[in-house]
Amino acid sequence: MSNDAPWPELRRFTDARIGLGRAGSALPIREVLSFAMAHAQARDAVTTPMDWAPIAAELSAMGLDTLSAASAATDRDVYLRRPDLGRRLSPASRELLAEKATGPHPDLAIVVADGLSSTGVAANAGALIGALLPMVQKSGWSVGPVVLASQARVAIGDEAGEILNARAVLVLIGERPGLSSPDSLGAYLTFAPRVGRKDGERNCVSNIRTGGLSAMEGAFKIHWLLREAFRRGLTGVTLKDESAFQLEGVQQPAIER
Amino acid sequence: MYRAAWRQTEYRFADLKEVMAKATPPRSGDVLAGVAARSAEENVAAKMVLADLPLKRFLEELLISYESDDVTRLIVDTHDERAFSPIAHMTVGELRDWLLSEAATTEALAALAPGITPEMAAATAKIMRNQDLILAARKAEVVTRFRDTIGLKGRMSVRLQPNHPTDDKRGIAASIVDGLMLGCGDAVIGINPASDNVGVILDLIAMLDEIIQRFDIPTQSCVLTHVTTSIEAISRGAPVDLVFQSIGGTQAVNASFGVTLAMLKEGREAALSLNRGTVGDNVMYFETGQGSALSADAHHGVDQQTLEARAYAVARTFKPLLVNSVVGFIGPEYLYNGKEIIRAGLEDHFCGKLMGLPMGCDVCYTNHAEADQDDMDVLLMLLGAAGVTFVMGVPGADDIMLNYQSTSFHDALYVREALGLRRAPEFEAWLARIGLADAEGRLLADPAPVLLDHIKGIAA
C-alpha cells in the first residue's frame, strides 16, 4: 500500500475499518487485536451483571424512590434464549410493585432495564434521568418510583406501568451493543402501558451515549414526546418526533424485541 | 400418525410437520417456538422416520395449507413433475444417498432442481451431516449473469457492503474503494441504507452508478431498500441495476415485510425494463434468514429451517442474480451459538443450491450470540469448500450501520488463498486491467493509484 494513501483523512467521514493494510491475505496483528478488544467490550456489556447500587444512590439523591425488580428470565442464558420471559415481571416483582401502587396514580413511571448492555445503563441512565427530571417537574407531571429491572426487555415496562397505574411509562434500556458502541442507552415511551402493547405503539429515542446523543439532547426529545403523548393520548408510529432538536446523523434502529 | 421404533421404545409423531420439526438438529429458535424434539433420542427417531419417508409424501401432505398461504400455492403450482420423475420412487434417505453418489452429477442436479420442493430439500438436509451438506452442494453449479458471470465452479464472488450509519456518501465511497482495492465487489456493490427517504435512496443509486461507469467495473449496484421504493426510483428514472427484497417462507411473514408476490413480479419487470445488464438479465437480489417467520409470529408451527427453504421457492420464481441467507444476524434466540450458526449456514446453502439458486451466505453474528471470529473462519471455510456462490465483504468485518459482524475483505482473501477460489472472470480481468491484481488474481503489492486518486479528491 503506497505511503500517500489518504486513509487518515477519509476516516473523518466514516468509522468503518478502512485502509487497514494486510499481512499476506490477513489483517495486520494490531488490527486483529483492536477488533478483538472491541468485541470483548461488547461481550462484557452483554454478560456483566448490572450493579444497581450506584444508580440507586444517584436516583435517591435526586429524591426518587427506587424498586428492585426482575423479569421472569431467571438468568442471562435464559434471558438470551427466551425473549418472552424477559418481557414479563417475575411473580415476586409483580407483588412488590402492586404493594407500592397504592398511592395517587403517577403521570410517568420510569423503568431502568439492563437489556443487552449493562455498561450502557451504568454509563447513561443516571445522567439521562438527571436531565429529564427537572423538565418533567417543570411541566407539573408526577413521577412514580423508579423500577430497576434485571434481565429485562422493553415490554417489561408495559406490565410495570400497568401495575403502577401510570399514564405513560418510560423504559431506559441497554441497547444491543455494536463494536463501536458497546455502551448505548435506548429510551422507549409508551402511553397507557398494559401487557400486550405492540412495538408499533411506542416511541424510541436511541443511541444515547458519549459520542451519540447526549443525555441533555435525549431528555429534550423524550420530554417533547411525553408532552405530545399526553396531549394526543397516544404513542407509536402515528406520533412522529418533530422536536426542535433534530439531530443529523442519528438513526432510529429497529425496536429491540 | 408417524412412528419409529428403536428397541423397546416407540416414538409417535402426529403429523409430517411434527416429524420435520423434531428431526431438525437442535437450535434455540425451534425451542422458543415450542416445536423442537424433547430429547436427543426423539430427535434421532424423527430423523429415522424422515429417512424412510417417500418423497411423494411431501406432495400429498402439505405443512401449511394450500388455501391459507400463497407460498404453499406457489410451491404446489410450480412443481415440475418431469424433473421430479427420476427421484419420484425414492425416500428421503435414498435421495441423500443418491446425492452423495457418483450418479448425482452437476448436470443431473441442474435437471432435478425444478422437481425439488422446499420441504424435500429441508427434509434431506435434516438427516445429513455437515460433510454431506458440503459434498452434495459443491456438485451443483448455478450460474447467473448481469454485468459479470457469477457462480462458475472454482469461483466465489463477494458483495461489497460499504454501509454507513448516516448514508454519508464520502464515507461510503471510501469503503467502496477500500473493498475494490482488496479485490471485492464482483457479486454486487450493495448498500443497506440507514434512511428509507426516497431522495437519499436516489442519491445513493446515482453515486454507485457513477463509480461503476467511471471505472468501467464489470459488476452491478444495489441499494437494499423495499421493493416498492426501488419501483418508485425506477419510475423516477434512477439507474437501478438490481431490485432487492427481504423475503420469507410464508405469506404472513412476507406481509410483515410489507411485500406480496405480485409486488416482487412488478419489481422484477421494472428492473428488466431498464435493460441494464450486459451479459445477462438476472435482476433480483433476495435476502432470507432462519427465524424471520417466528419473529413475525408467522410460522404456523413449522420449524425455522423448513420455512427458510420455503423462502427459496419464492426466490426462484423471480430468477435472481443473488440469494443471501443472512444466517447469524437474527440473534441467539433463533441460533444460539457458533455451532448452530455454522449448521444453519450449511443447511441454507445446500437447500438453495439443490433448488437451483445462486446461493450466498452472510457469514455473521451479533454481539449477544455465543460466537466469535473463529466460528466465522470455520463457517466461511466450509462454505468455500461447499462452493458458496458469494459472501459479504465488509471493511474489517465490522458493519457500523447494522451493528453486527460479517466477513471482511481480508476474510475473502483468506478463503481464496486456502482453497484457490477465483473471482468472476470479467471482474478478475478488470482487476488485472486496472492494475490491482495479476492475471491469476493475486493482489499486487504496489497497486495502481487510480482508485486512490479518485477518493483523494473526496478527502481533500
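These values consider heavy atoms only, across backbone and side chains, with no hydrogens, waters or symmetry-generated copies. Worth saying up front: this structure is predicted, and the values here are computed from it rather than measured. Residue numbers begin at 1 in each chain, while the letters A, B, ... track the order of the sequences.
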task = Tell me, with the steps shown, if B:R159 and B:E287 meet salt bridge (charged side-chain N to carboxylate O under 4.0 Å, His left out).
result = CA-CA 12 Å; B:R159 167 190 166 192; B:E287 286 191 348; 3.2 Å; yes
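Between the side chains of B:Y365 and B:Q373, a donor-acceptor pair is found at a separation under 3.5 Å. If you check the side chains of B:Q405 and B:N367, you find a donor sitting under 3.5 Å from an acceptor.
Of the possible donor and acceptor atoms, one in the side chain of A:R197 sits under 3.5 Å from a partner among the backbone N and O of A:A192.
Interface summary for chain A: among B:L444, B:D398, B:L32, B:D168, the most heavy-atom pairs under 4.5 angstrom belong to B:D398. Between chain B and the residues A:T47, A:V32, A:D77, A:L20, the largest count of heavy-atom pairs under 4.5 Å involves A:D77. The greatest number of non-hydrogen atom pairs below 4.5 Å with chain A, out of B:P332, B:A412, B:S28, is found for B:P332.
For A:V195, the side-chain contact (heavy atoms from CB on, under 4.5 Å) partners two or more places apart in sequence, or in a different chain, are A:R88, A:E159, A:E162. Judged as a side-chain contact (heavy atoms from CB on, under 4.5 Å), and not counting sequence neighbours, the contacts of B:D167 are B:P193, B:A194, B:S195, B:V200, B:L204. The side-chain contact (heavy atoms from CB on, under 4.5 Å) check on B:A21 picks up B:V35, B:D303, with sequence neighbours excluded.
When heavy atoms are compared at a cutoff of 4.5 Å, B:D372 approaches chain A by way of both its backbone and its side chain. With a 4.5 angstrom heavy-atom cutoff, B:A371 touches chain A only via backbone atoms. With a 4.5 Å cut-off on non-hydrogen atoms, B:A173 does not touch chain A at all. With a threshold of 4.5 angstrom between heavy atoms, B:H368 approaches chain A through its backbone and through its side chain.
Crowding of A:D75 atom CG: a count of heavy atoms from other residues, nucleotides or ligands under 6.0 Å exceeding 12. Other residues, nucleotides and ligands place no more than 12 heavy atoms under 6.0 Å from the CZ atom of A:R194.
Taking 4.5 Å as the heavy-atom cut-off, the residues of residues 23-31 of chain A that approach chain B are A:S25, A:A26, A:L27, ordered by number.
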